[in-house]
*Asks:* 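Before we start, here is the structure in question, set down as structure tokens.
Quick note on labels: first sequence line is chain A, next is B, and so on, each numbered from 1. Reckoned from all heavy atoms, side chains included, excluding hydrogens, waters and symmetry mates.
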Number of protein chains: 2
Amino acid sequence: MKLSTKGRYGVRAMFDLALHQGDGPTPLRSIAERQNISEHYLEQLIANLRKEGLVNSVRGAHGGYLLSKEPAEITIGDIIRVLEGPIAPVDCVSDKVEEDKCENITDCVVRMIWKKMKDSINEVLDEITLEDLRQEAINAKQNGAQHGYMYHI
Amino acid sequence: MKLSTKGRYGVRAMFDLALHQGDGPTPLRSIAERQNISEHYLEQLIANLRKEGLVNSVRGAHGGYLLSKEPAEITIGDIIRVLEGPIAPVDCVSDKVEEDKCENITDCVVRMIWKKMKDSINEVLDEITLEDLRQEAINAKQNGAQHGYMYHI
DNA sequence: CAAATTCCTAGTGCTATGGTATGATTATTC
DNA sequence: GAATAATCATACCATAGCACTAGGAATTTG
């Protein structure tokens, strides 16, 4: 029951973009350096975020990446679902197709657990936006946070 | 973010024991057959459940396994934590030791997400007991559930 | 003693993860 | 035109965990 680095790096990268939103496109290299993530690996991840429309890209000199929407309109759930697939503890609660593969769907007592689990996780992740993180970072900074690669504002 | 079969098989096996509690020790073979799980594999899982005191074993002919406590006193969280380790999306929120490995612990904005996620999952899993499942199975049976390997009562 | 059953150790094939390496192509700015 | 950057492609690799399988030793009952 662990998230892989895909989801975690993705969230950090998007958070980084949220903090630098307004400065124009942010090159991948800057994100990778600030967040201490392998640039090549991050490239693979952000390609998915672009395909799913969470970020826009600008080519060429002074190019880079931009959030496609306001930080308040992007949830952590949006990001993680793109990078890790459906957020569900077992396949039989993740989507219609997978549900149908389970013969016992209506009778299965145990499935109820996974359903509750899934709903509770998604609820948490869908109520946190990048704007929430940005605000927290600003507060932390004001309250004297020092290190934190998480908020180079 | 998937559970492995360890956690899922474990829950099903314990649920099976809950349903057959009172019949004396349940041999592993019976559980494995009813739940359609590899006997040898299940053996390895139940060994951990025994070491952690969730089940008792009786050797020899007519031996088998028994829940060590009342079904109402065993939560799904108890079972999954034994078989999958701490239920946490990232290590830095799983326990003290892991927390200490993270330099940024106090300042890290993103960590708050994983903390909330962890708490919400654990809350769900710790409020469901084997007795709850047993009751649901009995209800389902009365309401005409037919198939469901989940409740051979 | 034979059968049933738990207990224990080892090995195995597969897949996903988390990268690295290399290079070519396209678009943009100065 | 040079530099900067995204985009695309392909391939490789080491490690770890998963989901078993195999085989046998120890224990208990009848």
Side-chain angles (χ1 to χ4, degrees), chain A residues 1-13 16-17 20 23-68 80 83-86 89-91, chain B residues 1-13 17 20 23-68 80 82-86 89-91:
Chain A
M1 277 303 290
K2 290 280 184 285
L3 276 174
S4 71
T5 57
K6 290 183 192 176
R8 293 188 279 127
Y9 288 2
V11 169
R12 279 164 57 191
D16 195 285
L17 282 176
H20 294 84
D23 304 357
T26 307
L28 193 67
R29 163 160 310 180
S30 310
I31 305 176
E33 275 171 6
R34 280 192 295 257
Q35 299 297 328
N36 196 32
I37 299 172
S38 149
E39 196 183 331
H40 257 338
Y41 187 48
L42 189 54
E43 190 189 320
Q44 292 167 41
L45 304 183
I46 210 163
N48 292 318
L49 294 170
R50 188 179 57 83
K51 276 172 208 154
E52 296 300 321
L54 292 185
V55 299
N56 295 326
S57 61
V58 180
R59 286 177 154 210
H62 299 293
Y65 293 92
L66 297 158
L67 295 181
S68 65
I80 294 188
L83 296 170
E84 309 240 4
V90 302
D91 285 335
Chain B
M1 277 303 291
K2 291 279 184 288
L3 276 173
S4 71
T5 56
K6 290 184 192 178
R8 293 187 280 127
Y9 288 2
V11 169
R12 279 164 56 190
L17 281 177
H20 293 84
D23 305 356
T26 308
L28 192 69
R29 161 159 313 179
S30 309
I31 305 176
E33 275 173 6
R34 278 191 295 258
Q35 299 297 327
N36 195 32
I37 298 173
S38 148
E39 194 182 332
H40 259 336
Y41 187 48
L42 188 54
E43 192 187 319
Q44 292 167 41
L45 303 184
I46 211 162
N48 292 318
L49 294 170
R50 187 180 56 83
K51 277 173 208 153
E52 296 301 320
L54 292 185
V55 299
N56 295 326
S57 62
V58 180
R59 284 182 152 207
H62 298 294
Y65 293 92
L66 298 157
L67 295 181
S68 65
I80 295 188
V82 166
L83 295 170
E84 308 242 4
V90 302
D91 285 336

*Asks:* Send over the distance from B/L49 CG to C/dC8 P, rounded to a whole Å.
*Replies:* 14 Å
*Asks:* Side chains of B/T5 and B/Y41 only: does a donor on one sit below 3.5 Å from an acceptor on the other?
*Replies:* yes
*Asks:* Which atom names give the shortest non-hydrogen contact between B/R12 and B/N36, and what distance separates them?
*Replies:* NH2-O, 4.3 Å
*Asks:* Between A/K6 and A/L83, which heavy-atom pair has the shortest distance, and what is it?
*Replies:* O-CD1, 3.3 Å
*Asks:* Indicate, with a heavy-atom threshold strictly under 4.0 Å, whether B/R29 touches base, sugar-phosphate, or nothing.
*Replies:* nothing
*Asks:* Once you round it to whole Å, what is the distance between P of C/dT17 and CE of B/M1?
*Replies:* 13 Å
*Asks:* Could I get the full list of salt bridge (charged side-chain N to carboxylate O under 4.0 Å, His left out) partners for B/R29, not counting sequence neighbours?
*Replies:* B/E39
*Asks:* State which residue, out of A/V55, A/L17, A/V58, fulfils the side chain to side chain contact (heavy atoms under 4.5 Å, CB included) condition with A/P25.
*Replies:* A/V58
*Asks:* Send over the distance from A/E33 CD to D/dA5 P, rounded to a whole Å.
*Replies:* 10 Å
*Asks:* Please classify the nucleic acid contact of B/I46 as base, sugar-phosphate, or nothing, using heavy-atom distances under 4.0 Å.
*Replies:* nothing
*Asks:* Mind calculating the distance between CG (A/N48) and C1' (C/dT17) to the nearest angstrom?
*Replies:* 15 Å
*Asks:* Between A/L17 (CG) and D/dA6 (P), how many Å, whole number?
*Replies:* 11 Å
*Asks:* Encode nucleotides 9-21 of chain D as B, S and - characters from 5' to 3', where the letter depends on protein heavy atoms closer than 4.0 Å: B to the base, S only to sugar-phosphate, - to neither.
*Replies:* ---------SBBB
*Asks:* Can you give one letter per nucleotide of nucleotides 25-30 of chain D, 5' to 3': B if a protein heavy atom sits under 4.0 Å from the base, S if only from the sugar-phosphate, - if neither?
*Replies:* -SBBS-
*Asks:* Whole-Å distance between D/dC8 P and A/L42 CG?
*Replies:* 16 Å
*Asks:* For B/M1 versus A/M1, what's the shortest heavy-atom pair and its separation?
*Replies:* CE-CE, 3.3 Å
*Asks:* How far apart are the closest heavy atoms of A/L67 and A/N56, and which atoms are they?
*Replies:* O-ND2, 4.4 Å
*Asks:* Rounded to the nearest 0.5 Å, what's the gap from CG on A/L66 to CG on A/L54? Could you check?
*Replies:* 13.5 Å
*Asks:* What pair of heavy atoms forms the shortest contact from A/D16 to A/H20, and how long is it?
*Replies:* O-ND1, 2.8 Å
*Asks:* How close or far is atom P of D/dA6 from atom CG of A/N56, stated in whole angstroms?
*Replies:* 14 Å
*Asks:* Could you state the OH-C1' distance from B/Y65 to C/dT5, rounded to the nearest angstrom?
*Replies:* 9 Å
